Amino acid sequence: MEIRDIELIDQRLEEIRALDISAMDDQAEVEKLTAEAKELNEKRAALVEERKQAEAKVLAAAEVTEEHENREAKPVMENTITRNSPEYINAYAEAIKTDNYKELRSLLTENVTGGTVAVPDIVADFVKEAWESNEIWRRVPKTFLKGNYKIQFEINAPIAVAHTEGTDPISEENLQMGIVNLQPVYFKKYVKVSDEALSLTGEAFLRYIYAEVTDRIIAAIINSLMVAINASTAATVGIPHSATIQGAIANTDVINALGQLKGELRDVVVMTSRSAYAQYKALQFAAGYAIDIFDGLEVLFTDQLPTGVRAIVGSLRDGAHANLPNGPEVEFKIDSTSLALTSADMVGILGRMYAGVGVVRDGAFCVIKNQA
């Protein structure tokens with residue numbers, strides 16, 4: 001019998017072992033089964049060797065493919081080096097000033113497919129530095145998907161239950177879902193700078209405008225998030241709901257806010273203004289440090305709280321989300337003429353970022369409001 005499958009061979013060998021040849025009286029049958037077992041073991045060894053050789057060929061082919069891909073990628077690495085050269089960085093700065101990217105395209109044609117101009121890594125570093133330095137913004141999860149970004153969230157999701165064998169089946173629960181639509185808008189900041197600032201070249205100019213504009217745009221996005229969190233205290237079907245506490249300032253505000261949060265949340269923080277923080281600490285002083293007003297939570301300071309909001313307690317990692325369809329870069333537009341008549345020696349710089357931000361989880365925040 002010709003068997004070409006290891007599993008079938010193992011099955012037949014198991015059958016022969018089960019016959020207990022040593023107890024058989026028919027010597028001819030014993031010899032026949034012994035010979036068959038030997039033949040099967042030899043075929044099994046041959047099949048195993050064939051499979052090993054086949055796997056080795058696949059691995060070898062994969063290594064060849066990887067090496068080929070690495071060789072193909074080499075020109076891209078050379079382009080990256082060019083993109084980060086002083087020549088290109090200077091040209092990039094001048095292109096922003098003049099809104100003319102012709103020289104950039106001539107320097108790095110491989111990276112401008114579809115009209116997209118390659119951004120020097122140093123620019124991405126400026127943006128990253130601004131993101132990381134903002135304690136609130138760096139905690140917000142981000143995606144970079146084109147168009148509106150919809151996120152489903154659980155309105156009602158009962159936990160699982162323990163079920164003992166032989167008992168009645170568990171009751172059916174309804175899982176209710178809602179959808180958050182993060183519709184992006186342009187966040188813009190228009191600043192006026194002197195001609196001296198515009199005369200900066202290369203890295204110095206890029207660092208100046210990114211430091212001046214990027215931080216302010218991030219602050220605007222954070223303000224939009226704070227407004228969304230505050231608005232979510234008005235319960236609406238299908239929209240994540242945040243809890244609210246309202247009244248005169250009290251040393252139990254944060255503790256009570258924690259009690260309003262739902263589910264397992266990571267990295268719960270307190271977001272408040274410095275003036276409100278000082279008021280809370282004054283209560284702690286007056287109590288002789290008998291309690292920890294903030295219950296050990298990290299306090300993040302922001303000037304972007306809506307009017308009437310004293311603090312917000314919750315998880316930015318679990319309860320908020322931002323989508324940036326055009327990527328993390330800030331787009332710039334230089335206006336060197338329209339301000340000439342009204343602001344001597346001043347130049348307008350418009351920075352903008354396309355982003356959608358909002359609340360994406362029920363019970364992830366509690367808003368502490370002042371007395372109405």
Side-chain angles (χ1 to χ4, degrees), residues 129-142 180 187 189 214-235 239-322 355 357-372:
E129 181 180 319
W131 284 24
E132 291 298 320
S133 64
N134 191 295
E135 292 292 335
I136 293 178
W137 182 239
R138 72 182 181 89
R139 283 175 165 81
V140 177
K142 304 169 187 68
V180 178
F187 290 89
K189 181 61 184 176
T214 305
D215 286 344
R216 301 188 187 189
I217 289 179
I218 291 175
I221 299 176
I222 290 174
N223 174 259
S224 180
L225 175 59
M226 297 297 109
V227 170
I229 294 173
N230 185 40
S232 67
T233 58
I239 295 178
H241 178 243
S242 298
T244 182
I245 295 175
Q246 189 164 12
I249 189 170
N251 54 22
T252 57
D253 281 351
V254 174
I255 302 297
N256 290 334
L258 278 172
Q260 299 290 326
L261 303 181
K262 296 180 181 179
E264 300 293 332
L265 299 174
R266 299 168 296 168
D267 195 16
V268 175
V269 295
V270 179
M271 293 166 281
T272 187
S273 64
R274 295 186 184 274
S275 60
Y277 176 82
Q279 290 178 306
Y280 278 120
K281 295 302 287 186
L283 290 178
Q284 188 171 346
F285 299 157
Y289 296 93
I291 63 170
D292 179 2
I293 294 266
F294 299 106
D295 198 36
L297 299 180
E298 185 174 3
V299 179
L300 309 181
F301 297 108
T302 177
D303 296 326
Q304 306 306 322
L305 293 174
T307 302
V309 174
R310 192 159 58 240
I312 297 175
V313 178
S315 171
L316 293 163
R317 298 192 190 282
D318 293 317
H321 196 94
V357 65
V359 182
V360 296
R361 175 166 171 167
D362 220 37
F365 298 101
C366 181
V367 180
I368 303 174
K369 297 185 178 182
N370 296 327
Q371 184 72 51

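Because the structure is a prediction, the values reported are computed rather than measured.
- The shortest side-chain heavy-atom distance between Val268 and Val313 falls under the 4.5 Å cut-off.
- Under a 3.5 Å cut-off, the side chain of Gln304 and the backbone N or O of Asn223 do not form any donor-acceptor pair.
- Here the closest heavy-atom approach between residue Ala322 and residue Val140 is recorded as N-CG1, 3.9 Å.
- Of all heavy-atom pairs between His241 and Ala234, the closest is CD2-C, 4.2 Å.
- Between the side chains of Thr233 and Thr244, not a single donor N or O lies within less than 3.5 Å of an accepting N or O.
- Here ring-ring contact (aromatic ring centres under 6.0 Å, His included) pairs that include residues 244-266, with residues two or more places apart or in two chains, number zero.
- Scanning all heavy atoms of the two residues, the minimum distance from Ser232 to Pro240 falls at CB-O, 3.5 Å.
- Within 6.0 Å of the CD atom in Glu264, the count of heavy atoms belonging to other residues, nucleotides or ligands does not exceed 12.
- Counting only heavy atoms from C-beta outward, the side chains of Val270 and Ile312 never approach each other to under 4.5 Å.
- Closest approach of Asp253 and Ile245 over heavy atoms only: O-CD1, 3.9 Å.
- When all heavy atoms are compared, the tightest approach of Leu261 to Phe365 is CD2-C, 3.5 Å.
- In this structure, CD1 in Ile368 is found 6.5 Å from CZ in Arg310, a value given to the nearest 0.5 Å.
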> Should Asp362 and Lys262 be marked as a side chain to side chain contact (heavy atoms under 4.5 Å, CB included) after you check the CA-CA gap, both sets of side-chain angles, and the distance that decides it?
Replying inline: CA-CA 7 Å; Asp362 220 37; Lys262 296 180 181 179; 3.4 Å; yes
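- Remark: the Tyr280 side chain and the Asn251 side chain contain no N/O donor-acceptor pair separated by less than 3.5 Å.
- Considering CG of Leu283 and CD1 of Ile291, their distance stands at 8.0 Å, rounded to 0.5 Å.
- For Thr252 (side chain) and Ile255 (main-chain N/O), no donor-acceptor pair under 3.5 Å exists by modelled atom type.
- Ring geometry for Trp131 versus Trp137: interplanar angle over 60°, hence perpendicular rather than tilted (30 to 60°).
- Ser315 places a side-chain N or O within 3.5 Å of a backbone atom of Arg266 that can act as its donor or acceptor partner.
- Taking the side chain as every heavy atom from C-beta outward, Met271 and Met226 approach each other to under 4.5 Å.
- The distance from atom CD1 of Ile221 to atom CZ of Arg216, rounded to the nearest 0.5 Å, is 15.0 Å.
- Considering every non-hydrogen atom in both Leu305 and Val309, the closest pair reads CD1-O, 4.0 Å.
- To the nearest 0.5 Å, the span separating CZ on Arg361 from CG on Asp318 amounts to 5.0 Å.
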> Can you check side chain to side chain contact (heavy atoms under 4.5 Å, CB included) on Asn230 and Lys369, steps first, answer last?
Replying inline: CA-CA 9 Å; Asn230 185 40; Lys369 297 185 178 182; 2.9 Å; yes
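- The shortest distance between side-chain heavy atoms of Ser273 and Phe301 does not fall below 4.5 Å.
- Side-chain contact between Val254 and Asn256 is absent, with no heavy atoms from C-beta onward closer than 4.5 Å.
- Residues satisfying the side-chain contact (heavy atoms from CB on, under 4.5 Å) test with Arg139, not counting sequence neighbours, are Glu135, Asp267, Val269, Glu298, Leu300, Leu316, Arg317.
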